[in-house]
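To keep things clear, I will list the structure first and then write my remarks on it.
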Protein chains: 2
Amino acid sequence: MNTSDSSNDNDRRSLIIDATVRSFGRLGYYGTSLQRIATEVGLTKAGVLHYVGSKEGLLDLVLAEEYDRDTLQVMAAMVVQERPLIADMWRRVVAVNAKRPALVHMFSTLSAEALDPDHPAHAYFVDRERQTVTSAMNINWSVPDGVDVEHVLQAGLSMMDGLQLRWLRSPGRDLNAMWADCEDVLFPSPLWDGYR
Amino acid sequence: MNTSDSSNDNDRRSLIIDATVRSFGRLGYYGTSLQRIATEVGLTKAGVLHYVGSKEGLLDLVLAEEYDRDTLQVMAAMVVQERPLIADMWRRVVAVNAKRPALVHMFSTLSAEALDPDHPAHAYFVDRERQTVTSAMNINWSVPDGVDVEHVLQAGLSMMDGLQLRWLRSPGRDLNAMWADCEDVLFPSPLWDGYR
DNA sequence: GTCTATAGTCCGATAGAC
DNA sequence: GTCTATCGGACTATAGAC
């Protein structure tokens, strides 16, 4: 009768994902063991492997299925606007990320670890960087005359990556407030008046 | 007679440092084994431990002794100026880092890995972030009226951290050129005319 | 679906010979 | 100063019982 007891597949799967996000964030991919995940969710190594196939299967699971979801929705919200503002997009991205520190932590750690061309997530991050800029370049942004949109995008995205490291380094910081300070630098008066 | 043959202490020590910088960069602290370092420099694990004491000894060696050296010289060059320019400081930092990709790679990887409060280099990075900003705030920068120096510093330093990740992610990129594009965003006309 | 058991390898660190 | 040998433990993954 009861097909959704406290240890059904969905719960297990979610628990494994959550534990993996935390561990990849704190210890990286190389520093994470299946044993750690298994202990955290109350299974054995073999039990975890039943769900994810292999250690690399964990990567695909948390990157493609978990991290990308929310970010893609922000981009979708921008495409439907006629003359969207870059500052508006980034405020939305920051607001989303401020509510998921564990996923941002995992992203930051894997992003640095995957600089290594041999890292199993290297291609993912190379691809993601390229795709983020090119898809943003296809939007008809409302910007002041003379502004190089690609330079602004590259600079702002770099700033966000660096800021998130600072945010996570010390507990109790407010990412939205930190980004508000960055906006003053990124979109100063008088140049950006009316464009943010 | 010959006290500096091909396997004296200085050579060994330098070789160990170089191999450690490379390995910490590619694999992180957790992902690096003493065996890897030992093999690369032609020693056994025990031989390496003779020089560095422990795995954490490697961290102190490469961070305090190797990475910080060049950066501190840039700051020293700014302090002696009467009305230094922030843009000038950062151009110097970027020029230095562009010539030592392996050390920047190590710094970026450890910086993310050490977000974890239990990481042996966590305190180093927390301390370094604080010290970088406070020491820069003690300099009498030449900036346009109305500019918040601390916001500019936090934003620019974040941007540099993020940009270095992008630089290292794909081979063949020119960090100086990438930073020049960032400068257009960080110090735009007309606000910063005459201040860069 | 989850377990135990195990294979085979690697880990950091120490002791002690030379 | 560098080695061999060794400790106690961790690792991924597989095989096979239930």
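A, B, ... follow the sequence lines: proteins, then strands. Residue 1 opens every chain. Every heavy atom of this structure was used, including side-chain atoms; hydrogens, water molecules and symmetry mates were not.
- Open room surrounds CZ on A/Arg36; 12 or fewer heavy atoms of other groups in view lie less than 6.0 Å from it.
- The separation between B/Arg13 atom CZ and D/dT2 atom C1' is 17 Å, rounded to whole Å.
- Between B/Thr44 and the phosphate of D/dT2, there is no side-chain N or O to OP1/OP2 separation shorter than 4.0 Å.
- Rounded to an integer number of Å, the gap from B/Leu58 CG to C/dA13 C1' is 13 Å.
- When the P atom of C/dG12 is taken as reference, atom NZ of B/Lys55 falls 5 Å away, rounded to whole Å.
- Within the 6.0 Å centre-distance limit, the rings of A/Tyr67 and A/Phe107 are counted as a close aromatic pair.
- If you find the closest nucleotide of DNA chain D to A/Ala46 and to B/Val48, the one lying nearer the 5' end belongs to B/Val48.
- To the nearest 0.5 Å, atom OG of residue A/Ser158 and atom CD of residue B/Gln164 are 10.0 Å apart.
- A donor-acceptor pair under 3.5 Å is formed between the side chain of A/Trp167 and the backbone N or O of A/Arg173.
- The distance between atom CG of B/Leu15 and atom P of D/dG1, rounded to the nearest whole Å, is 16 Å.
- For A/His50 and C/dG1, the NE2 to P distance is 5 Å, given to the nearest whole Å.
- Donor-acceptor pairing under 3.5 Å, judged by distance alone, is present between the side chain of A/Lys45 and the base of D/dT12.
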Evaluate B/Thr39 against B/Gln35 for side-chain hydrogen bond (donor to acceptor under 3.5 Å, both in side chains), listing each step before the verdict. CA-CA 6 Å; B/Thr39 302; B/Gln35 181 62 68; 3.0 Å; yes
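- Phosphate proximity of C/dT2 to A/Tyr51: present, with a side-chain N or O under 4.0 Å from OP1 or OP2.
- Between B/Leu49 atom CG and D/dC3 atom P there is a gap of 12 Å when expressed in whole angstrom units.
- Contacts between residues 33-43 of chain A and DNA chain D, counted as heavy-atom distances below 4.0 Å, involve A/Ser33, A/Leu34, A/Gln35.
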Compile the donor-acceptor pairs under 3.5 Å between side chains in residues 72-80 of chain B and protein atoms, sequence neighbours left out, one pair per line.
none

